[in-house]
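These notes concern the structure reproduced below.
Side-chain atoms are counted along with the backbone in the values below, which use heavy atoms only and exclude waters and symmetry mates.
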Amino acid sequence: MSESPSPAAARSILVLGGARSGKSAFAEDLALRAGGPVRYLATAVPDPADHDFAERIAKHRGRRPAGWSTIESADPTAILTAFMPTPPDVTLIDDIGTWLTARIDAREAWEAPRGTVSPDTDALVAAVAAYTGDLVIVSPEVGMGVIPATRSGRLFRDEIGTLNQRLAQVCDEAFLVVAGLPLRLE
């Protein structure tokens with residue numbers, strides 16, 4: 001059974017799901033149904049040599065309505081904490097996994113101890129908790145599959161799992177999207 005968020009109660013919504021689960025499309029639909037201006041924070045940092053990833057980005061761009069403002073390679077912490085005289089009706093962040101990957105890259109932390117990116121994740125959670133506008137956050141759920149064979153894979157799984165738990169604690173609602181079907185968690 002598909003569920004929708006409570007219109008009056010929802011202020012911040014975390015949308016989790018696996019690869020190709022439909023999480024981004026569900027989050028975009030939530031933002032669209034809000035009916036006002038949407039600010040889309042695309043966190044991916046494109047690599048010109050990665051054609052597969054470029055195709056994924058192009059598909060995401062193609063789904064966005066023309067009236068949405070999009071910030072590419074966005075740092076959600078900086079944007080959520082910046083003063084805006086007229087904030088958008090909804091801010092959509094897609095997605096936290098690509099943001100976290102960029103933060104691990106920036107800190108050269110793939111071989112570092114877990115928690116090396118804590119200053120970044122702490123700041124993001126604080127920014128989400130303090131944000132007063134409507135917010136939809138997309139993040140991958142990667143802890144339901146096999147244990148990654150590489151240290152970097154296990155590091156990412158552990159860091160995103162912990163971050164997702166923390167984001168769920170500060171968001172008003174959370175959904176898990178599986179096979180295109182959103183399931184309300186909170």
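For the atom pair OG1 of Thr77 and CZ of Arg103, the computed distance is 8.5 Å after rounding to the nearest 0.5 Å. The structure places CD of Gln165 at 11.0 Å from CD1 of Ile160, a figure rounded to the nearest 0.5 Å. Atoms CG and CD1, from Leu163 and Ile137 in turn, are 9.0 Å apart once rounded to the nearest 0.5 Å. The structure places CG of Leu185 at 5.5 Å from CG of Leu176, a figure rounded to the nearest 0.5 Å. In this structure, CG in Leu92 is found 11.0 Å from CZ in Arg39, a value given to the nearest 0.5 Å. Rounded to the nearest 0.5 angstrom, Thr70 OG1 and Leu41 CG are separated by 9.0 Å.
In terms of modelled atom types and a separation under 3.5 Å, the side chain of Lys23 and the main chain of Pro140 share no donor-acceptor contact. A donor-acceptor pair is defined here as one N or O able to donate and one able to accept, closer than 3.5 Å; no such pair exists between the side chain of Ser21 and the backbone of Val178. Counting only distance, with no hydrogens or angles, the side chain of Glu159 and the backbone of Gly115 share a donor-acceptor pair below 3.5 Å. No donor-acceptor pair under 3.5 Å is formed between the side chain of Thr116 and the backbone N or O of Ala112. With hydrogens and angles ignored, the 3.5 Å screen pairs a side-chain donor or acceptor of Ser73 with a backbone N or O of Ala44.
Ile104 and Val45 end up in different hydrophobic clusters when Ile, Leu, Val, Met, Phe, Trp and Tyr side chains are linked at under 4.5 Å. By the criterion of side-chain heavy atoms lying less than 4.5 angstrom apart, applied directly or through intervening Ile, Leu, Val, Met, Phe, Trp or Tyr residues, Leu135 is grouped together with Val125 in one hydrophobic cluster.
Scanning both residues, Pro46 and Pro48, for their nearest heavy atoms gives O-CD, 3.8 Å. Closest heavy-atom contact between Gly97 and Phe156: O-CE1, 3.6 Å. Residues Leu80 and Ala127 share a closest heavy-atom pair of CB-CB, 4.1 Å.
The side-chain heavy atoms of Phe175 and Leu16, taken from C-beta on, include no pair separated by under 4.5 Å. Proximity of Val128 to Cys171: side-chain heavy atoms (C-beta onward) are separated by under 4.5 Å at one or more points. Between Tyr40 and Ile71, every side-chain heavy-atom pair lies at or beyond the 4.5 Å cut-off. Val136 is not listed as a side-chain neighbour of Asp94, based on a closest heavy-atom distance of 4.5 Å or more. Between Leu30 and Val15 there is a side-chain heavy-atom pair separated by less than 4.5 Å. With contacts defined as side-chain heavy-atom distances shorter than 4.5 Å, the pair Arg56/His51 does not qualify. At least one side-chain heavy atom of Pro65 sits less than 4.5 Å from a side-chain heavy atom of Leu32.
Electrostatic pairing of Arg154 and Asp158 does not count as a salt bridge here, judged by no charged N lying under 4.0 Å from a carboxylate O. Ionic pairing of Glu28 and Arg64 is not present here: no N-O contact between side-chain nitrogen and carboxylate oxygen is shorter than 4.0 angstrom. Using a 4.0 Å cut-off between charged nitrogen and carboxylate oxygen, Arg166 and Asp122 count as a salt-bridge pair.
No donor-acceptor contact under 3.5 angstrom links the side chains of Asp95 and Ser139, judged on distance only. With 3.5 Å as the limit, one finds no donor-acceptor pair spanning the side chains of Trp99 and Asp120. Under the 3.5 Å distance criterion, with hydrogens and angles disregarded, a donor-acceptor pair is assigned to the side chains of Thr91 and Tyr131.
Through side-chain heavy atoms spaced under 4.5 Å, either directly or across other Ile, Leu, Val, Met, Phe, Trp or Tyr residues, Ile57 is tied to Phe53.
Of the options Thr43, Val138, Ile79, a side chain to side chain contact (heavy atoms under 4.5 Å, CB included) to Ile93 is made by Thr43 and by none of the others.
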Check step by step if side chain to side chain contact (heavy atoms under 4.5 Å, CB included) holds for Ser24 and Arg63.
-> CA-CA 10 Å; Ser24 292; Arg63 280 198 316 253; 3.3 Å; yes
